[in-house]
There are 2 protein chains.
Amino acid sequence: MSWRKDQGRAERGYHHGNLKEALLQAALDLISKKGPAGFTFADAARMAGVSPAAPYRHFRDRDELIASIAQRGFEQFEQLLTQAWDDGRPDTVTAFERVGKAYLAFAREEPAFYSAMFESGLPVDSNSTLMAASERAFAIIRAAAERLAALAPPGTPRPPAMMMALHIWSMSHGVASLFGRGDAARRKLPMSPEDLLEAEVLIYLRGLGFLTDRRPGAAAPADDKPAGPWGKPK
Amino acid sequence: MSWRKDQGRAERGYHHGNLKEALLQAALDLISKKGPAGFTFADAARMAGVSPAAPYRHFRDRDELIASIAQRGFEQFEQLLTQAWDDGRPDTVTAFERVGKAYLAFAREEPAFYSAMFESGLPVDSNSTLMAASERAFAIIRAAAERLAALAPPGTPRPPAMMMALHIWSMSHGVASLFGRGDAARRKLPMSPEDLLEAEVLIYLRGLGFLTDRRPGAAAPADDKPAGPWGKPK
DNA sequence: CGGCTCATGTAAAAGCCGTTCACATGAGCT
DNA sequence: AGCTCATGTGAACGGCTTTTACATGAGCCG
């Protein structure tokens, strides 16, 4: 993999042509390999085949590059969640669970994005467009919670959707950041992070009074002994 | 500008006397101010009034200093949780809630420790004594979960204590790291992180079948409409 | 086609940091 | 008193971030 711009096509001399994009891509590579702390501006420049000063034509400083990555991360995250939610199809609870899984999948498959978004230590509220992107992503969870809240069993108080959304988010982020990634902070778990989160969310939903038992033939779980949402640890 | 310890008291010459401790203290200060990434070895040395090379007599490198801080953090954390749990007094659920609050309090009041422990990006499993300290802290949560699981209402399946402990941990860590600290990643919340976590845990416990309504005169909540564990946002 | 301009690159340099090495100091023991 | 070893110093290397002055050449205008 030669970084040089002999990318199959014409030798591109003095000007790179698409340096900004190349830098973002390089940064993603580096962050996913060495964490957001280990990533260096100079390395990204080297990988893109330019001098260490070149990146400054495109980013005010190193933090702005990371912020750009976080920005993109939130956008992709929003897309992924939107897709997973699929407007609540085929049913609200199923879709909701799918969102949880998508959250974990994102954290695992895009560790660079995830750590830029949540673990880079950069002030989220400093950059207003970043903040907005983050809130658009959260809005998906919030909308899902809204739909779920509307399903509250009659006779029970309807839980505040915002609170539900925050709860779900904290569970997802907690599981993802403690147990989610390959080897960071790995502890021996009795189950996969996915199963852990699924059980957690199901128990939580049940605590709100939702009937979350969606197994075939479990239409009226009211009378039999409530089976736990945790299966046998597989 | 004399770097010497003209610290009010005796002129301490060539030898510092307690450099290791001074470095740890300085690092704590710096980390709490600028995050674990912003902290520099040289700064700590400067703050302790020694040359930049001196710290290497006490720590192999910068990472080892951070690991030492994380280690201490886990020890203090364990103490705090033990104290909060107080062996389940006056009753299991109350004590359990107190542990949750202690968790958040620690994250908020000792941000330097907390970020060294959970957000510094250092491999937890590289250092076995660090790993052990981390597990001793988790053991408190686990023990509390065990006691709670034993209280499962008769006739319901008893939830695995380990799973409960992991769930509680992920909720606490999620809330702490998303909403816990002063200005990092602050979002507008409808309630305090403490209340958010308390409601989350109570709903979760209810989902497991526990009667978590501990308000005076709420002895038999089985027949009245279940009041939500979320109060009015205060 | 010739020339202007400005975005985008480079080279060099300043200042910081982490880390190492040879050397200095002095605290504690014999 | 003298020895020794833990602990500190200073200088040096290489790398990173960031700034500055300068170079290049792509796109546009006449």
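Chain naming here is simple, since letters A, B, ... match the order of the sequence lines and numbering starts at 1 in each. Atoms considered below: every heavy atom in the structure, side chains included; atoms not considered: hydrogens, waters and symmetry mates.
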task = Quick one: do H58(B) and H16(B) satisfy side-chain contact (heavy atoms from CB on, under 4.5 Å)? Show the steps, please.
result = CA-CA 12 Å; H58(B) 301 276; H16(B) 181 287; over 6 Å; no
message = Whole angstroms only, please: what is the CZ-C1' distance between R46(B) and dG18(C)?
response = 12 Å
End axis versus end axis in the helix from dC1(C)-dG30(D) to dT30(C)-dA1(D), the angle rounded to 10°, five pairs used at each terminus = 10°
query = In whole angstrom, what separates L65(B)'s CG from dC17(C)'s P?
reply = 15 Å
query = Does any residue of residues 34-43 of chain A have a heavy atom under 4.0 Å from DNA chain D, and if so, which ones, in number order?
reply = T40(A), F41(A), A42(A)
query = Which pairs count as ring pair (Phe, Tyr, Trp, His ring centres under 6.0 Å) when at least one residue sits in residues 120-140 of chain B, sequence neighbours excluded?
reply = F138(B)-W169(B)
request  = Taking the six-membered ring for Trp and the single ring otherwise, decide whether the centroids of F118(B) and F113(B) are under 6.0 Å apart.
outcome  = no
message = Restricting to side chain to side chain contact (heavy atoms under 4.5 Å, CB included), what partner residues turn up for A70(A), sequence neighbours left out?
response = A116(A), M117(A), L130(A)
request  = Not counting sequence neighbours, which residues clear salt bridge (Lys or Arg N to Asp or Glu O under 4.0 Å) with K33(B)? List them please.
outcome  = none
key: Rounded interatomic separation in angstrom, taking CG from L23(B) and P from dG18(C)   = 12 Å
Distance in angstrom units between H58(A) NE2 and dT18(D) C1', rounded = 16 Å
inquiry  = Which residues pass the side chain to side chain contact (heavy atoms under 4.5 Å, CB included) test with S126(A), not counting sequence neighbours?
reply    = P123(A)
Identify each donor-acceptor pair in which a side-chain atom of residues 34-44 of chain B lies under 3.5 Å from a protein atom, sequence neighbours left out, and give them as a table.
from   : atom 1 : to     : atom 2 : distance (Å)
K34(B) : NZ     : D43(B) : OD2    : 3.3
T40(B) : OG1    : D43(B) : N      : 2.9
D43(B) : OD1    : R46(B) : NH1    : 2.7

query = side chain to side chain contact (heavy atoms under 4.5 Å, CB included) with A107(A): which residues, sequence neighbours excluded?
reply = Y114(A), A176(A), R181(A)
inquiry  = Please enumerate all residues that pass side chain to side chain contact (heavy atoms under 4.5 Å, CB included) together with A143(B), with sequence neighbours excluded.
reply    = none
ask   = Looking at residues at least two apart in the chain, or sitting in another chain, which of them share a salt bridge (Lys or Arg N to Asp or Glu O under 4.0 Å) with R98(B)?
value = none
note = On DNA chain D, more 5' by nearest nucleotide between D61(A) and K20(B) is K20(B)
Throw together a table of side-chain donor-acceptor distances under 3.5 angstrom for residues 76-87 of chain A, partners on residues two or more places apart or in other chains.
from   : atom 1 : to     : atom 2 : distance (Å)
T82(A) : OG1    : E78(A) : O      : 2.7
D86(A) : OD1    : R89(A) : NH2    : 3.1

note = Quick tally for nucleotides 20-25 of chain C: nucleotides whose base has a protein heavy atom under 4.0 Å get B, sugar-phosphate-only ones S, the rest -, giving B-BBBB
note = Rounded to whole Å, the CG-C1' distance (N18(A) to dG9(C)) equals 15 Å
